[in-house]
Amino acid sequence: MKTLDLFSATVTDEKLHRKYKILRDCLSLTGEQDILKEWVDGFVDRDKKIVKEFQTSFHSAFWEFYLYAVLREAGFEIDFTKKRPDFVIDKPYKLYIEAVVANIKREGKKEEERNLKDILSMITPACLQENFNDELDESITRYSNAILSKSRKYHDYLDDPDFDQNIPFVIALSGYEQINYGNKFYYAMLALLYGLYYDHLNDRYIEKSYILKPHTDSKIPIGIFLNEQLAHVSAIIFSCTVTLGKLTSLAISKNKSPIKINSVMYIRHDTEPPHFKTQIVSPENPEYLSDGLFIFHNPFARNPV
């Protein structure tokens with residue numbers, strides 16, 4: 001089986017994504033490339049285009065590589081002979097997974113504009129975050145667009161004779177929807193799927209049936225898992241932390257970095273107070289591949305996971 005050649009450019013330099021160039025040029029001696037090569041070991045590029053997508057648009061391919069690594073680590077066997085959905089799981093039980101990412105809207109603030117204030121916001125408690133509600137509503141809106149687009153795609157698959165309607169269908173969503181995407185944790189998903197809107201000032205959840213799309217009067221329905229409208233969607237796999245920092249955390253954890261130019265500190269949510277604890281990633285305090293990954297089940301699913 002031919003290994004994916006991720007670092008031989010398929011397009012001219014000006015078309016390469018900024019994150020790809022950082023990974024290729026700046027992190028070439030720090031272990032991150034080794035982690036990524038481990039992720040894609042055995043990955044089959046069925047459409048012969050994922051390397052180009054990785055180099056030019058980055059996030060969607062990066063998310064698929066991560067999902068493949070998680071599935072393989074969990075012992076799942078993937079059938080790459082079928083072209084769709086993205087992952088057809090054969091063992092230990094049958095499962096379909098369709099991957100999608102929520103990106104920053106066209107007119108939104110770009111990641112390359114991130115500054116020190118943005119970085120510090122990642123370790124700021126929710127109750128102290130400026131514009132928390134606006135950013136939460138932006139996340140909900142972008143996640144809704146992504147999930148509903150893949151929900152509609154399910155109906156296209158029904159015409160495929162190889163597609164089994166009795167197998168659970170799962171959407172795997174990664175959030176890159178705004179410049180500080182990681183600091184909205186799972187709050188947007190709890191609102192979108194179950195109608196539980198987080199009141200960050202009083203640390204409680206409020207039941208809602210819709211939000212207003214930011215800067216408009218358009219209503220975005222939430223609580224989309226509270227009826228049979230999406231019964232064909234068995235669950236949502238979700239993360240908002242799968243980016244270059246994930247590679248760095250794993251490289252540090254596995255001591256793969258001969259030259260250590262980066263460090264990673266993050267916030268862990270604990271069941272015991274204080275609930276939010278800081279952690280510096282190290283081989284003694286490692287980050288694991290599945291850290292930051294959630295599965296939200298649909299209580300109305302026709303084929304539960």
Side-chain angles (χ1 to χ4, degrees), residues 4 6 17 19-20 36 38-74 76-90 93-104 139 142-157 160 162-164 167-177 181-182 186 188-189 192-193 224-225 230 232-244 246-247 289-298 301 303 305:
L4 293 181
L6 300 179
H17 193 277
K19 283 186 176 179
Y20 170 77
L36 183 59
E38 290 178 2
W39 285 7
V40 302
D41 183 29
F43 188 98
V44 178
D45 183 9
R46 294 167 293 177
D47 297 326
K48 309 301 181 187
K49 62 181 183 180
I50 200 165
V51 172
K52 182 177 180 180
E53 290 175 349
F54 173 64
Q55 294 179 2
T56 57
S57 57
F58 192 80
H59 286 143
S60 59
F62 191 72
W63 176 232
E64 285 196 41
F65 294 156
Y66 170 79
L67 287 172
Y68 172 70
V70 168
L71 293 169
R72 191 178 57 183
E73 182 180 81
F76 290 94
E77 293 185 15
I78 302 168
D79 181 358
F80 279 115
T81 66
K82 296 182 174 63
K83 291 207 168 197
R84 56 183 193 171
D86 293 320
F87 295 99
V88 178
I89 310 300
D90 271 347
Y93 51 82
K94 293 187 179 297
L95 186 70
Y96 293 135
I97 300 176
E98 185 71 25
V100 66
V101 298
N103 286 315
I104 295 172
S139 294
R142 302 300 292 167
Y143 293 171
S144 175
N145 289 341
I147 289 172
L148 294 180
S149 71
K150 290 300 180 179
S151 168
R152 290 188 290 270
K153 197 166 186 178
Y154 171 88
H155 299 289
D156 296 335
Y157 292 154
D160 187 338
D162 290 330
F163 188 80
D164 188 342
I167 293 177
F169 178 80
V170 176
I171 295 173
L173 168 67
S174 188
Y176 306 103
E177 76 289 346
Y181 43 82
Y186 50 49
M189 292 299 290
L192 177 60
L193 300 181
I224 60 176
F225 269 6
L230 294 181
H232 57 282
V233 178
S234 302
I236 305 289
I237 297 172
F238 170 75
S239 182
C240 61
T241 59
V242 179
T243 185
L244 292 180
K246 186 70 175 182
L247 292 178
L289 181 65
S290 59
D291 281 350
L293 192 67
F294 298 90
I295 300 179
F296 297 101
H297 294 264
N298 185 352
N303 302 305
V305 175

> Does the pair I171 and Y154 meet the rule for a side chain to side chain contact (heavy atoms under 4.5 Å, CB included), with working shown?
Replying inline: CA-CA 10 Å; I171 295 173; Y154 171 88; over 6 Å; no

> Would T241 and Y181 count as a side-chain hydrogen bond (donor to acceptor under 3.5 Å, both in side chains) if you check the C-alpha gap in whole Å, the side-chain angles of each, and the deciding distance to 0.1 Å?
Replying inline: CA-CA 8 Å; T241 59; Y181 43 82; over 6 Å; no

>> L230 vs F169, test: side chain to side chain contact (heavy atoms under 4.5 Å, CB included). Steps then yes/no.
In response: CA-CA 11 Å; L230 294 181; F169 178 80; over 6 Å; no

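In this structure, the side chain of N145 does not engage the main chain of A102 through any donor-acceptor pair within 3.5 Å. For S234 (side chain) and N303 (main-chain N/O), a donor-acceptor pair under 3.5 Å exists by modelled atom type. Without hydrogens or angle criteria, D45 side chain to K49 main chain gives a donor-acceptor distance under 3.5 Å.
Contact of the W39 side chain with the L247 side chain is registered, since non-hydrogen atoms from C-beta on lie closer than 4.5 Å. A 4.5 Å side-chain heavy-atom check between I236 and L192 finds every atom pair outside the cut-off. Looking only at side-chain heavy atoms (C-beta outward), I147 and M189 come within less than 4.5 Å of each other. In this structure the side chain of E77 never reaches within 4.5 angstrom of the side chain of R72, judged on heavy atoms. Taking the side chain as every heavy atom from C-beta outward, L289 and Y66 approach each other to under 4.5 Å. Side-chain contact between R46 and T81 is absent, with no heavy atoms from C-beta onward closer than 4.5 Å. Residues I237 and L173 form no side-chain contact, since every pair of their non-hydrogen atoms from C-beta on lies 4.5 Å or further apart. Using a 4.5 Å cut-off on side-chain heavy atoms (C-beta onward), L6 and F65 make contact.
Rounding to the nearest 0.5 Å places CG of N103 at 8.5 Å from OH of Y176. Expressed to the nearest 0.5 Å, how far CG of L71 lies from CD of E73 amounts to 10.0 Å. In this structure, the separation between OG on S144 and CD1 on I224 is 5.5 Å, given to the nearest 0.5 Å. Atoms CG and NZ, from D162 and K82 in turn, are 5.5 Å apart once rounded to the nearest 0.5 Å. In this structure, CD1 in I89 is found 9.5 Å from CG in D79, a value given to the nearest 0.5 Å. For the atom pair CZ (R152) and NE2 (H232), the distance works out to 10.0 Å, reported to the nearest 0.5 Å.
P168 and L95 make their closest contact through CB-CD1, 3.6 Å (heavy atoms, listed as atom of the first residue, atom of the second, distance). Nearest heavy-atom pair across F225 and V233 is CZ-CG1, 4.0 Å. For the pair V101 and S60, the tightest heavy-atom approach, listed with the atom from each and the gap, is CG1-CA, 3.8 Å. Shown here for R84 and D160, the closest heavy-atom pair between the two residues is NE-OD2, 3.5 Å. For the pair G175 and F238, the tightest heavy-atom approach, listed with the atom from each and the gap, is N-CE1, 4.3 Å. Considering every non-hydrogen atom in both V242 and S174, the closest pair reads CB-OG, 4.2 Å.
In this view, E38 and K254, K256 satisfy the salt bridge (Lys or Arg N to Asp or Glu O under 4.0 Å) rule, not counting sequence neighbours. For I104, the side-chain contact (heavy atoms from CB on, under 4.5 Å) partners at least two apart in sequence or on another chain are E111. Qualifying side-chain hydrogen bond (donor to acceptor under 3.5 Å, both in side chains) partners for Y143, counting only residues two or more places apart in sequence or in other chains: E177. For Y157, the side-chain hydrogen bond (donor to acceptor under 3.5 Å, both in side chains) partners two or more places apart in sequence, or in a different chain, are E98. Applying the side-chain hydrogen bond (donor to acceptor under 3.5 Å, both in side chains) criterion to Y186, with sequence neighbours excluded, gives no partner residue. Partners of A99 by side-chain contact (heavy atoms from CB on, under 4.5 Å), not counting sequence neighbours, listed by chain and number: W63, E64, L67, D86.
Remark: K52 NZ is loosely packed, at most 12 non-hydrogen atoms of other residues, nucleotides or ligands lying under 6.0 Å away.
Classification of the H17-F58 ring pair by plane angle, with boundaries at 30° and 60°, yields parallel. Relative ring orientation between F163 and Y96 is described as parallel, the plane-to-plane angle staying below 30° on a 0-90° scale split at 30° and 60°.
You'll find the ring centres of F62 and Y20 outside the 6.0 Å limit.
Under 3.5 Å, the side chains of S239 and K246 contain no donor-acceptor pair of N or O atoms.
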